[in-house]
2 protein chains.
Amino acid sequence: MLAAGGCIDAPRGTMYRQHFASNLPQQLMEKMIIGHLHPADQEKVDLQMEKLADETADPYENEPTRNAKLIVHGDTPMNAEVPRDVITQSYITPEDMFYIRHHHPVPLLSEKDAENFELEVDLRLINEGATKVTLDQIKSLPKVEVTTTLQCSGNRRSGFNDFRRTSGTPWDQGAISTAKWGGARLVDVLMLASKDADGDAKPTTSSSLLESLQCLQNTLSANPNLQHLRFESIDGMKASIDINKAFNPFGDVLVAYEMNGKPLPRDHGYPLRVIVPGYAAVRNVKWLSKLELADSQAVGAWQRGLNYKVLPPSVTDARSVNLDDMPGLGEVAVFSGVTSVELNESESLGELAEGTVDIKPGDKPLRVEISNIIFSLLKTIFVCDSRMMHVATILHIIRQAVDVKASGWAWAGGGRNIVRVDVTGDGGKGWCNASLTQGASQPYGRAWAWVFWECDKVPATVCEDGKSVVLSCKGVDMAFNSQPESSDGLWNVRGLANNSWYRLRHSVVHV
Amino acid sequence: MLAAGGCIDAPRGTMYRQHFASNLPQQLMEKMIIGHLHPADQEKVDLQMEKLADETADPYENEPTRNAKLIVHGDTPMNAEVPRDVITQSYITPEDMFYIRHHHPVPLLSEKDAENFELEVDLRLINEGATKVTLDQIKSLPKVEVTTTLQCSGNRRSGFNDFRRTSGTPWDQGAISTAKWGGARLVDVLMLASKDADGDAKPTTSSSLLESLQCLQNTLSANPNLQHLRFESIDGMKASIDINKAFNPFGDVLVAYEMNGKPLPRDHGYPLRVIVPGYAAVRNVKWLSKLELADSQAVGAWQRGLNYKVLPPSVTDARSVNLDDMPGLGEVAVFSGVTSVELNESESLGELAEGTVDIKPGDKPLRVEISNIIFSLLKTIFVCDSRMMHVATILHIIRQAVDVKASGWAWAGGGRNIVRVDVTGDGGKGWCNASLTQGASQPYGRAWAWVFWECDKVPATVCEDGKSVVLSCKGVDMAFNSQPESSDGLWNVRGLANNSWYRLRHSVVHV
């Protein structure tokens with residue numbers, strides 16, 4: 001299907017246009033070169049390819065219409081993030097403002113296709129057979145609703161690029177959104193398939209909790225190979241999750257057919273997608289076509305390949321590592337972002353301008369012209385060396401303080417509640433404890449969605465440009481994992497998992 | 001029992017001697033003062049208290065004998081950490097080298113007491129009654145062995161104190177150890193109690209996995225109040241864990257009676273302790289006397305009080321916060337440490353000395369005398385300001401590089417596997433990817449014990465003292481949570497959860 005991990009003997013290169021955005025695919029395939037065509041033959045092949053491409057329908061001609069407010073990084077396939085001022089506009093992201101990150105064209109199912117849609121379920125690993133269940137059967141199971149945040153693993157990749165080039169879409173903070181997903185519990189769908197396989201409806205006794213746990217543990221012991229649950233998508237995409245997430249009674253994995261109370265939109269997986277709360281969005285497979293109990297991870301680039309592997313910062317050439325040694329992304333680390341900053345009305349910025357500072361060591365203000373280089377040098381010493389505090393004292397007077405109101409979001413994977421968001425306007429010398437607002441009261445360990453935060457009065461130091469402040473935030477999850485300060489030690493060639501302190505530069509000059 | 005959270009009308013002040021190590025208890029009780037005794041009355045009371053104290057046996061007279069190699073921070077109650085060179089000497093810490101962190105004297109059970117020991121189990125919340133189970137009954141259940149690391153929540157507290165004073169034992173990195181615990185599954189003990197309650201042994205049918213999960217989910221839905229499992233200790237200590245950990249089939253919670261294949265030593269919980277893999281050690285209650293299904297957390301200082309609450313860095317006065325708003329410690333963040341550094345033999349340190357530098361800009365070495373202040377200034381600029389790279393270029397030549405061999409440990413709570421340890425010898429400008437050795441192949445999401453790591457050749461920059469290098473490490477867990485660079489943003493008044501990069505200064509001068 002669409003040659004994703006499959007056959008490539010059609011001119012499908014034009015479908016995977018993301019591969020032309022970087023020289024990485026070429027680099028990776030370099031060592032497979034077995035020779036070059038004679039220029040005359042190459043010309044013939046080129047002509048033939050062009051002709052074929054002309055005759056083949058544009059695989060992107062049936063894409064859905066998208067909200068024009070989304071920031072589009074690329075449209076074949078569509079990769080679009082939510083603008084900063086929209087991210088926290090509502091706790092539940094409207095469907096048409098939900099970020100989009102596709103690998104391929106969006107599958108198009110006719111109404112009839114959707115009506116007759118069947119999900120393959122392969123339980124042969126635990127001797128329960130392989131079967132198909134219909135969309136209607138899935139909809140007849142008890143409906144469960146779970147509100148989860150989904151985030152692209154490359155969210156905030158652009159923050160790495162200042163440090164060293166990465167490969168992939170240069171997302172800012174907007175590849176994250178939240179929806180209320182409705183569907184059947186994954187285990188219920190598996191049970192449904194299991195019933196189908198032997199023809200009998202198995203009785204569901206309401207035995208004691210402790211007895212059930214005992215049964216579960218016994219049955220897991222009896223099937224030691226049962227380690228993974230694999231997913232496949234209509235578009236050929238494959239991924240998997242560990243069985244302890246798939247079967248965890250507190251894991252809330254869904255086979256979803258609704259988003260925010262309506263049928264899934266095409267862009268978000270119509271007719272079925274799997275929702276794996278707290279996991280990287282790539283494991284929440286859209287356009288779900290198959291479930292399979294398995295003894296190993298899904299095959300293919302998205303689970304075992306480079307695409308979703310966070311390599312060490314010391315690796316700049318992806319060809320030098322053994323990818324099997326590195327796990328693919330599953331649970332997500334703690335992340336946060338600043339979406340709004342306002343200068344509090346009572347503050348005025350004064351007259352600080354580049355190259356000019358007001359020094360007020362005592363009662364008499366003294367205006368001093370000072371070159372940029374010296375200013376920068378003094379500032380450096382101020383920030384870095386406590387032994388230079390006599391210089392710092394002067395600088396503390398030079399640099400002007402304002403206070404601002406800020407707000408944003410924070411989220412941690414694995415269901416870990418956000419217990420705190422710290423906000424700073426002076427590069428981390430002092431911190432404010434933000435108020436957690438929406439999303440703050442999710443159940444312990446099952447906090448699948450983000451929290452919103454706000455801070456009314458953050459003391460901020462005007463930057464040496466005399467015009468702006470930089471607001472930073474860091475989230476802390478219930479395990480007291482905290483966001484690292486800098487992205488330097490997090491950098492990786494694929495630009496994944498950049499959860500360093502988010503920094504937003506905001507102008508405080510009234511024009 | 002021992003007045004822990006109970007009655008204080010005996011001269012027990014002498015038992016809780018840790019309270020004299022800080023003025024925090026006095027501060028916290030200040031606002032409860034209702035008056036002062038007349039000096040004459042005070043004198044009488046003092047005399048009476050002294051007499052009573054003389055007549056009362058020393059509560060610490062029955063403490064076990066400890067290994068003299070442990071670093072003792074205080075012995076009434078005993079708080080002792082593992083010396084650096086011993087921490088990673090063996091993957092399983094020998095029982096007598098396991099760190100000790102007690103709140104009270106160690107309970108002393110006679111042989112007869114131990115033989116007749118009964119654990120209270122209160123299942124009234126799910127209408128299964130309250131009962132007692134004997135030690136023999138627990139030992140007759142299937143024995144399960146789990147290797148877990150335990151860490152005091154204050155481990156590495158001393159790293160905070162350079163920044164700002166904290167309250168508590170100033171642990172370095174040695175309040176961590178690993179053992180193989182043997183015992184019964186917690187759920188099996190609960191089942192045992194449940195059977196006792198109605199007198200019948202309930203049949204354990206080996207039904208299908210999917211069916212069991214369905215039962216479990218049904219039963220949990222039927223008992224929405226079932227949110228916590230509370231523990232009590234013989235010494236009066238109380239703690240609790242969330243039900244999703246207690247009943248998680250992948251959570252591996254044990255009622256343990258063995259440590260490394262032998263009965264629990266008195267210092268580590270004889271005769272029973274609960275093992276809550278991946279959680280702060282304080283939840284792994286020693287000398288377990290009671291289990292209770294509950295609708296709220298355990299009462300008392302250790303669960304709801306200040307002791308195990310990680311306050312925001314902005315809070316310097318613990319009296320100003322509402323503790324109910326902050327969760328107690330449960331799962332633990334990612335931690336690591338360096339335990340050994342060796343200068344590789346092929347390296348020689350050369351002649352760098354304080355105040356003298358070798359500048360080698362081209363072929364001709366040039367020796368320059370340089371004052372400490374200028375050196376420090378240049379270094380500061382080098383580290384902090386990329387615009388000053390022309391200075392940095394000179395400095396890069398000045399500062400001498402060696403390479404070292406280093407090793408250590410890393411651990412993350414919540415069963416999250418350590419997927420990487422990064423090591424740096426130059427303050428984080430460059431990183432080495434350490435090899436993970438013992439503990440590297442634990443099951444996904446159930447990695448309850450630490451990993452050991454080693455790095456054969458870490459490029460390190462000699463510090464400005466001309467004599468030492470600083471080796472830092474940071475661990476990364478499977479959710480790609482990473483250790484923050486600095487402890488500034490992590491600081492909290494109780495000094496908990498300091499998982500900033502571990503830094504070890506090591507002399508590289510051959511004497």
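Heavy-atom basis, side chains included; hydrogens, waters and symmetry copies ignored.
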Note, [X] side chain near [Y] side chain (heavy atom, < 4.5 Å):
X	Y	value
A:Pro459	A:Asp426	no
A:Leu210	B:Phe247	yes
A:Arg494	A:Lys309	no
A:Leu496	B:Phe480	no
B:Ser240	B:Ser296	no

Taking [options] one by one, which has the highest count of heavy-atom pairs under 4.5 Å against chain B?
options	result
A:Gly251, A:Ala479, A:Ser482	A:Ala479
A:Pro484, A:Pro312, A:Ser486	A:Pro312
A:Asp242, A:Leu123, A:Val315	A:Asp242
A:Asp188, A:Val476, A:Ile126	A:Asp188

- Item | Heavy-atom contact with chain A under 4.5 Å, split by part of B:Leu311 | backbone

- Item | Which portion of B:Asp477 sits near chain A, non-hydrogen atoms under 4.5 angstrom | side chain

Quick one: what part of [X] sits under 4.5 Å from any heavy atom of chain B, side chain, backbone, both or neither?
X	answer
A:Val334	both
A:Leu213	side chain
A:Leu226	side chain
A:Lys474	side chain
A:Phe250	side chain
A:Asp422	side chain
A:Leu436	neither

- Note on the structure: To the nearest 0.5 Å, atom CG of B:Asn433 lies from atom CG of A:Asp325 at 9.5 Å

Search all heavy atoms of [X] against all heavy atoms of [Y] and return the closest pair with its distance.
X	Y	value
A:Asn244	B:Tyr444	ND2-O, 3.5 Å
B:Asn417	B:Gly445	OD1-N, 2.8 Å
B:Val332	B:Ala280	CG2-N, 3.3 Å

- Message: Strictly distance-based, threshold 3.5 Å: is any side-chain N or O of A:Thr424 a donor or acceptor partner for the main-chain N or O of A:Trp431?
- Response: no

- Message: For the backbone of B:Leu329 and the side chain of B:Arg283, can you confirm whether one donor and one acceptor N or O come within less than 3.5 Å of each other?
- Response: yes

Find the one option among [options] whose heavy-atom pairs under 4.5 Å with chain A are most numerous.
options	result
B:Glu485, B:Gln483, B:Arg416	B:Arg416
B:Ser500, B:Gly489, B:Ala497	B:Gly489
B:Asn481, B:Leu490, B:Leu190	B:Asn481
B:Asp488, B:Val187, B:Val419, B:Val310	B:Val310

